Amino acid sequence: SRFQNVIVKAPARSYVNGLTSSDLGKPDYEKVAEQHRAYVEALKSCGVEATELPADEQYPDSVFVEDPAVLTPEFVVIANPGAESRNGEKEAIEEALKKFYDKFYYIEAPGYLDGGDVLQADDRFYIGLSERTNEEGARQLKEILEKEGYMADILPLKEFFHLKTGIAYLGNNNMVVAGEFIDHPAFADYNRIVINKEDEYSANCIRVNDHVIIPAGYPETKRKIEEAGYQTIELDMSEVQKQDGGLSCLSLRF
Ligand code: CIR
C-alpha cells in the first residue's frame, strides 16, 4: 500500500529542553531544524504530500508527531501519550487529521499509549507495553483494532524505549529487528533483517513507497536493506537521536 500523505511538525526552539534518557549531549536547534527540513524533503521525494504543522514552543517534544496518534487507512486512534509533558500534543494532531479522516477513536485514561509503541504489519498490529504505554491503553487499542477487522498482539518490552525503537516493517513480509526482537517468537515467521548491536539505532527506519529511509552512518544496515531489494535514502539524525527520537517518530504516514 502506498502512502499519499504525511503530517510533520517543525521542531520548536524548546526542543533542546525535551525529554531524553540518552547521554549524547544537548541537541543544537539550528542543526535539528536543518535535519528536519531534509527529512521533509526526503519524504516528498518519495511521492507524498506533506502537511507541515508550525512549531509549538509549549511542547518541546511535539516534533515527534507519531506518538499522539495511530493511523490506519480507514480511521484514526488518538492516543493518550504517557508522558505528562506531551499529553496535550494530541490536540493539534487531531485537528490536522480532521482534514483527512471522519472516523476517530480515542484511548482514554487510565489507559495510556504512545504511537511509537504501535507497529502495523499488513493486517496485524503489535502493541508494546513500555514506560509510556500501559496495559489498559494497549487493551483499548487492541479492542478498537479487532472491532475494525485487524489483528493485534500485545508485547511487553524489556529494554527498548518504544516498540518501534527496535523494529520496522518494510512490507513483503520483511521485518527489520534488533535486540530483544531478534529471537522474539512474535516475529519468527517474518523474513528477518537482523541489525547488529552496535547499529541498533538504525532499526528504526521507514519504508515510504519505493524507498526505505535509514539513518546515515550504518553501512551494514544499508547493505542488508538493499540486499532485501529496497532503495535506501540516508539522513543525518544526530540531533534527533539525542532526544531519543528516530525516523518513524517524526511523521504520521497515511
Ligand atoms: C520523548 O521522550 O517522548 C521524546 N523525547 C522522544 C519520542 C520518540 N518517539 C518515538 O519513539 N515514537
Side-chain angles (χ1 to χ4, degrees), residues 6-29 31-33 35-36 39 43 53 55-71 77-90 92-93 107 112-120 125-134 137-138 141 155 157-169 176-181 195 200-208 213-215 235 237-254:
V6 296
I7 290 176
V8 292
K9 186 161 179 150
R13 286 190 179 271
S14 61
Y15 174 77
V16 302
N17 302 317
L19 301 174
T20 190
S21 61
S22 90
D23 54 5
L24 301 170
K26 214 175 172 80
D28 178 283
Y29 167 73
K31 218 166 147 189
V32 76
Q35 290 176 354
H36 192 263
Y39 177 80
L43 288 172
L53 306 179
D56 185 345
E57 293 298 338
Q58 194 191 342
Y59 295 109
D61 288 297
S62 57
V63 68
F64 299 116
V65 293
E66 171 178 76
D67 293 315
V70 175
L71 307 183
V77 183
I78 298 297
N80 198 20
E84 208 178 332
S85 67
R86 299 199 56 193
N87 194 264
E89 292 175 22
K90 64 192 180 197
I93 296 298
I107 303 299
Y112 289 92
L113 182 118
D114 272 10
D117 282 317
V118 182
L119 173 71
Q120 182 176 5
F125 282 79
Y126 298 94
I127 309 167
L129 299 177
S130 69
E131 297 273 301
R132 303 290 179 82
T133 297
N134 64 8
L141 180 60
L155 11 142
L157 304 188
K158 295 193 188 93
E159 281 160 27
F160 285 123
F161 167 50
H162 274 134
L163 180 80
K164 272 183 285 188
T165 310
I167 194 162
Y169 184 61
V176 176
V177 285
E180 65 194 78
F181 301 131
I195 303 302
E200 219 158 78
Y201 180 69
S202 63
N204 183 283
C205 55
I206 50 174
R207 162 115 187 248
V208 186
I213 307 180
I214 62 173
L235 291 178
M237 295 290 287
S238 63
E239 306 313 291
V240 177
Q241 186 176 12
K242 286 175 182 172
Q243 302 301 68
D244 289 339
L247 286 159
S248 76
C249 320
L250 293 176
S251 58
L252 285 163
R253 303 165 295 281
F254 55 105

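Every heavy atom of this structure was used, including side-chain atoms; hydrogens, water molecules and symmetry mates were not. Note that ligands are numbered from 1 as they come in the structure, with each ligand's atoms numbered from 1 the same way. Predicted model only: the values in this text are computed from it and were never measured.
- Using a 3.5 Å distance cut-off with no hydrogens or angles, the side chains of Ser248 and Asn204 do pair a donor with an acceptor.
- Using a 4.0 Å heavy-atom criterion, the residues that approach ligand 1 are Leu19, Asp61, Phe64, Glu66, Asp67, Arg86, Gly116, Arg132, Phe161, His162, Gln243, Asp244, Gly245, Cys249.
- For the residue pair Arg132 and Ser130, no side-chain donor N or O sits within less than 3.5 Å of a side-chain acceptor on the partner.
- Under 3.5 Å, the side chains of Ser62 and Tyr15 contain no donor-acceptor pair of N or O atoms.
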- request: In sequence, state the C-alpha distance, the side-chain angles, and the governing distance for Tyr169 and Tyr126, and then conclude on ring pair (Phe, Tyr, Trp, His ring centres under 6.0 Å).
  value: CA-CA 11 Å; Tyr169 184 61; Tyr126 298 94; 8.8 Å; no
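- The pair Lys158-Glu180 does not count as a salt bridge, with every side-chain nitrogen at least 4.0 angstrom from each carboxylate oxygen.
- Annotation: the span from Asp117 atom CG to Phe161 atom CZ amounts to 8.0 Å, rounded to 0.5 Å.
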